[in-house]
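Inspection log for the structure reproduced underneath, given as structure tokens.
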Amino acid sequence: MKVVIVGGVAGGATAAARIRRRDEQAEIVVFERSGFISYANCDLPYYVGGTITDPNELTLQTPESFYERFRVDMRVHHEVTALHPERKTVSVTNLQTDETFEESYDKLLLSPGAKPAQPRLPGVGLEQLFTLRTVEDTLRIRQFIDTHHPKSAVLAGGGFISLEMAENLRHSGMEVTIVQRPKQLMNPFDPEMAAFIHAEMRKHGVQLALGHTVEGFAEKDGGIDVLLKDAAPLHADMVVLAIGVTPDSHLGQEAGLETGIKGSIVVNDRMETSVPDIYAVGDAVQVQHFVTGQNALISLAGPANKQGRIAADNICGDDKRYHGSQGSSVIKLFEMTAAATGVNETNAKKAGLSVDKVILSPMSHAGYYPGGKLMTMKVVFEKQTYRLLGAQIVGYEGVDKRIDVLATAIRAGLKATDLAELDLAYAPPYSSAKDPVNMAGFMSENIQNGIVRQWYLEDEADLPRDGSVTLLDTRTEEEYAGGHIDGFINIPVDALRERLDEIPTGKPVYLICQSGLRSYIATRILMGYGYDCYNFAGGFRLYETVKLDRCLIEQATACGMDR
């Protein structure tokens, strides 16, 4: 059996190694148009910023080491230019010699990945304008920095690569501005969770120009102007375009393969395309979202590697199935870690799901053990069924392990209420006896059982201030004096029983505290005396962070808080 693989990075390299492990006699040829194989795109910003100092560390294998171990004919600087399914060959160009030839196959695997989105804007192609997708891109940016010593950079886009670049360029001493058309960074996160990411970026000196559309680029004063719609240009010494990626699927389109979202290659759950003996994996393919069941593009290394393994097994005669991607991700942002899995509330609603959520601010480990740090967790689930849909966490320690637990719970089909029963490891330096994931389960149980009802950030503007409801802040007097929501009176939770006469009966009571815990306790006290209570999801810490963020984005003067 002869297998030809187009693309030698995540999915392609994984498939090549797996096929060899399954079939020692197979002839395996991989064509990679760049000069490097088996590299991780997520490593690239860290070389630009100097965290990774040796360029050899950017790749896991070289063509020589891959051949030595797996006897795979790994041909770099070779671009496949056409597919010919009718005669089972591909056209190839050697980019170093310009030689062209056809290579035959019994099975063909497409793993071309994705390419940076490059809109047709004036100025695209300027020397100071870069994209970052390949090792060559990284080396080119690093050489520019080493040669020209730029003092400022504008990053167009607010996703993973842009934020990782922002951190690394700041560490190298550059002034950094991120410009993004949506009014938030990191689309996997809901706006209120993204507010914490914005705060961390600003804390470390990254300027955010959110809600602005880039209309072009122009050379000026030895640097480059980023032209914005309805706003003054942003000037910098260099610009990195990181506004997303599109499937690099033109080979499949030209060969008549069925295509889907943004021209992506359609595959079934065996990673087979619409043409016999042609498989496709990675960023170029359309997949099914594991949570919503809808078609999706999920450009992440984890799914690409799993798809490569499944395609390889099927090429070798198995019947393996890919059950969808759920988009689990994590990113380091200076001192902060942000992670997500499944779908956020925004996208769940777009998918037509009826959702609810819990938001909590637990410590990373036991409070009595030194060094614990707060994290903010949002767990999204389906109303009525309590099926887990997704989770987002921002914090400083323990974020990654909690998101992995929640990702596993989603994959296992657990309900939000099942989180209460998970038997998770505990020792004071690492967790609490009631782990944050358990706490999310306890809160979900309380909602299911009617022990607590919630009100949300989006409800605040519509809360009546005419006395028809009671608005109650249960924090200490000092906390209340430091900032509170207009219209809320202050009765600390520990004084609540003695001051019940200050709370009118027969009116709904909307409560808030710093994190949601003390106001929850207050709701239980008041409900014991017959009050109709609603607890704020997320606490004043969430409210304050979001309101400040929105004010900064809109450059407003009034934050809606009484200070």
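We count residues from 1, following the sequence as given.
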Once you round to the nearest 0.5 Å, how far does CZ of R497 lie from CD1 of I491?
13.5 Å

With sequence neighbours excluded, what pairs up with H171 under the ring-ring contact (aromatic ring centres under 6.0 Å, His included) test?
F334

Residues at least two apart in sequence or cross-chain that pass salt bridge (Lys or Arg N to Asp or Glu O under 4.0 Å) with R541, listed by chain then number, are none

Residue pairs involving residues 204-214 (criterion side chain to side chain donor-acceptor pair (under 3.5 Å); sequence neighbours excluded)
E200-H204

Looking at residues at least two apart in the chain, or sitting in another chain, which of them share a side-chain hydrogen bond (donor to acceptor under 3.5 Å, both in side chains) with T385?
E382

side-chain hydrogen bond (donor to acceptor under 3.5 Å, both in side chains) with E215: which residues, sequence neighbours excluded?
none

Provide the full list of salt bridge (charged side-chain N to carboxylate O under 4.0 Å, His left out) pairs with a residue in residues 352-366, sequence neighbours left out, each pair given once.
E345-K357, K357-E458

Could you note down all residue pairs passing salt bridge (charged side-chain N to carboxylate O under 4.0 Å, His left out) where residues 154-164 supplies at least one of them, sequence neighbours left out?
none

Is there a donor-acceptor contact under 3.5 Å linking the side chains of Y520 and N446?
yes

Excluding sequence neighbours, so at least two apart, what forms salt bridge (Lys or Arg N to Asp or Glu O under 4.0 Å) with K262?
none

Could you note down all residue pairs passing salt bridge (charged side-chain N to carboxylate O under 4.0 Å, His left out) where residues 521-536 supplies at least one of them, sequence neighbours left out?
R453-D532

Among all residues two or more places apart in sequence or in another chain, which pass the salt bridge (Lys or Arg N to Asp or Glu O under 4.0 Å) test with R411?
none

According to salt bridge (charged side-chain N to carboxylate O under 4.0 Å, His left out), does anything in residues 427-452 pair up with another residue at least two apart or in another chain? List the pairs.
R402-D435

To the closest 0.5 Å, what do you measure between NZ (K349) and CG (N347)?
11.5 Å

Throw together a table of side-chain donor-acceptor distances under 3.5 angstrom for residues 467-474, partners on residues two or more places apart or in other chains.
unit_1: S468; atom_1: OG; unit_2: D466; atom_2: OD1; d: 2.6
unit_1: D473; atom_1: OD1; unit_2: R475; atom_2: N; d: 3.0
unit_1: D473; atom_1: OD1; unit_2: R475; atom_2: NE; d: 3.0
unit_1: D473; atom_1: OD2; unit_2: R475; atom_2: NE; d: 3.3
unit_1: D473; atom_1: OD2; unit_2: R475; atom_2: NH2; d: 2.8
unit_1: T474; atom_1: OG1; unit_2: I512; atom_2: O; d: 3.3

Going by an N to O cut-off under 4.0 Å, is there a salt bridge joining E175 and K151?
no

